[in-house]
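For reference, the structure is listed below as structure tokens.
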Amino acid sequence: MYGKKNNSEKSLSRFFQLIRDLKPVLFSHHPLCDKYSNHVYHVGKYKLCIGCFTYYPTILITIIISVLFIEMTLQNLMVIYVLSFIFFSAVILNIFKLTRYKFLKISSKIFIGIGAGFFITSAIFLPIHIILKIFMIFEINMYGGIIAFLRTREIEKECLKCPYKKNWDECPGMKEIRDKLYKHDFREKKKVKESIQYEKSN
């Protein structure tokens, strides 16, 4: 019994250590680099990802306001369902890379968040089968996944323009974090020289 408790404490301790190591990027979701200063809100010493800290709160606020101020009649639900796609169209700003401008980036996340909020509200209250409701929620998750994919590609392209070429072991914006992860055995350094020698011998 004591052994199990000791293992649980160790696992919990490791988890909190990982959180401490990742703390600088836990809410920024971007390398701590000047190139990404327009991708985050600067709140004191903290950096908060514009995408996440605009998109998700907007969804929640939209759902709350919809429930409080919109009568959930079939007609109104169909209207907000259609409106959700109109607001979703703001993703075009991402596709055409206009979100490199901070104002448009924030605006697009607000519009997409409103669209998601309307879509979820209609999914919950429309008089349709529960399976269709689940499917609609799944759809919005897929849409969020597409946005996340576009954002990841944008970060990768930005990093490849940098002299460090995504080498986060040397990148000033990530090196400190990576060093901590190596130090506490959350990552294992790749033995680059050995792998090169192996490839040459084969």
Side-chain angles (χ1 to χ4, degrees), residues 1-64 94 99-100 102 105-106 108-110 112-113 116-117 120 137-138 140-199:
M1 188 73 178
Y2 176 77
K4 288 183 179 180
K5 183 178 180 182
N6 195 35
N7 288 335
S8 298
E9 287 176 353
K10 284 182 179 179
S11 298
L12 195 61
S13 176
R14 289 279 293 165
F15 172 74
F16 284 119
Q17 182 61 61
L18 178 62
I19 295 297
R20 285 193 292 271
D21 289 350
L22 294 175
K23 185 179 177 182
V25 291
L26 205 57
F27 297 114
S28 69
H29 305 156
H30 295 77
L32 304 176
C33 171
D34 290 340
K35 290 180 180 290
Y36 294 101
S37 60
N38 285 336
H39 293 253
V40 296
Y41 294 117
H42 297 268
V43 182
K45 63 179 182 179
Y46 297 102
K47 294 180 179 180
L48 309 177
C49 172
I50 285 177
C52 296
F53 283 88
T54 304
Y55 177 64
Y56 293 110
T58 302
I59 292 175
L60 182 60
I61 291 168
T62 301
I63 292 172
I64 292 171
N94 296 71
T99 51
R100 63 179 178 271
K102 194 169 185 177
K105 185 178 185 70
I106 294 171
S108 73
K109 300 306 177 187
I110 291 173
I112 294 170
I120 292 169
I137 300 298
F138 179 73
I140 200 67
N141 285 333
M142 284 184 60
Y143 187 82
I146 292 169
I147 295 172
F149 172 74
L150 292 173
R151 186 171 71 237
T152 302
R153 281 188 60 188
E154 184 182 334
I155 291 173
E156 287 183 348
K157 287 179 181 178
E158 194 68 38
C159 285
L160 288 172
K161 294 176 187 176
C162 172
Y164 294 98
K165 302 290 183 185
K166 284 181 63 182
N167 181 3
W168 287 347
D169 286 344
E170 300 299 329
C171 165
M174 291 295 290
K175 179 174 171 53
E176 184 180 346
I177 296 167
R178 299 278 279 204
D179 286 346
K180 287 180 180 178
L181 293 174
Y182 290 134
K183 179 182 177 182
H184 299 124
D185 296 323
F186 290 113
R187 289 188 64 88
E188 185 176 340
K189 279 195 175 183
K190 294 179 181 178
K191 297 179 180 179
V192 180
K193 291 183 180 179
E194 290 183 11
S195 63
I196 292 172
Q197 289 174 357
Y198 177 79
E199 287 175 7

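Model, not experiment: these values are computed from the prediction.
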Set out, in order, the CA-CA distance, both residues' side-chain angles and the distance that settles side-chain contact (heavy atoms from CB on, under 4.5 Å) for K183 and L181, then state yes or no. CA-CA 5 Å; K183 179 182 177 182; L181 293 174; over 6 Å; no

Check side chain to side chain contact (heavy atoms under 4.5 Å, CB included) between K157 and all other residues, then give those that pass, not counting sequence neighbours. K97, R153

Considering residues at least two apart in sequence or located in another chain, which fulfil the salt bridge (Lys or Arg N to Asp or Glu O under 4.0 Å) criterion with K102? none

E176: which residues meet the salt bridge (Lys or Arg N to Asp or Glu O under 4.0 Å) condition with it, sequence neighbours left out? K180

List the residues meeting side chain to side chain contact (heavy atoms under 4.5 Å, CB included) with C159, not counting sequence neighbours, and say none if there are none. P31, Y36, I155, K166, W168

Residues R14 and Q17: side-chain donor-acceptor under 3.5 angstrom: no

If you measure from OG on S13 to CG on L18, what distance do you get to the nearest 0.5 Å? 11.5 Å

If you look at every heavy atom in H184 and D21, which pair is closest and at what distance? ND1-OD2, 2.8 Å

Do L48 and V40 pass the side-chain contact (heavy atoms from CB on, under 4.5 Å) test, and can you show the C-alpha distance, the side-chain angles, and the key distance before you say yes or no? CA-CA 5 Å; L48 309 177; V40 296; 5.9 Å; no

Contacts of D179 that satisfy side-chain hydrogen bond (donor to acceptor under 3.5 Å, both in side chains) - sequence neighbours left out: K175

Would you please name every residue forming a side chain to side chain contact (heavy atoms under 4.5 Å, CB included) with K165, sequence neighbours left out? none

Side-chain contact test, heavy atoms from C-beta onward, threshold under 4.5 Å: evaluate it for K47 versus L32 and give yes or no. yes

Using the side chain to side chain contact (heavy atoms under 4.5 Å, CB included) criterion, which residues pair with I19? Sequence neighbours excluded. F15, L26

Given V25 and H30, is the side-chain contact (heavy atoms from CB on, under 4.5 Å) satisfied, shown in steps? CA-CA 6 Å; V25 291; H30 295 77; over 6 Å; no

Between H39 (side chain only) and S37 (backbone N and O only), is there a donor and an acceptor less than 3.5 Å apart? no

Please confirm whether R178 makes a cation-pi placement over F186, using NZ or CZ under 6.0 Å from the six-membered ring centre and within 45° of the ring normal. no

For K23, give me all partners under salt bridge (Lys or Arg N to Asp or Glu O under 4.0 Å), at least two apart in sequence or on another chain. none

Mind listing the side-chain donor-acceptor pairs of residues 50-60 below 3.5 Å, one per line with the distance, residues two or more places apart or on another chain?
{"residue": "T54", "atom": "OG1", "partner": "Y41", "partner atom": "OH", "Å": "2.5"}
{"residue": "T54", "atom": "OG1", "partner": "I50", "partner atom": "O", "Å": "2.7"}
{"residue": "T58", "atom": "OG1", "partner": "T54", "partner atom": "O", "Å": "2.5"}

Starting at CG of D169, measure out to CD1 of I177 and round the result to the nearest 0.5 Å. 12.0 Å

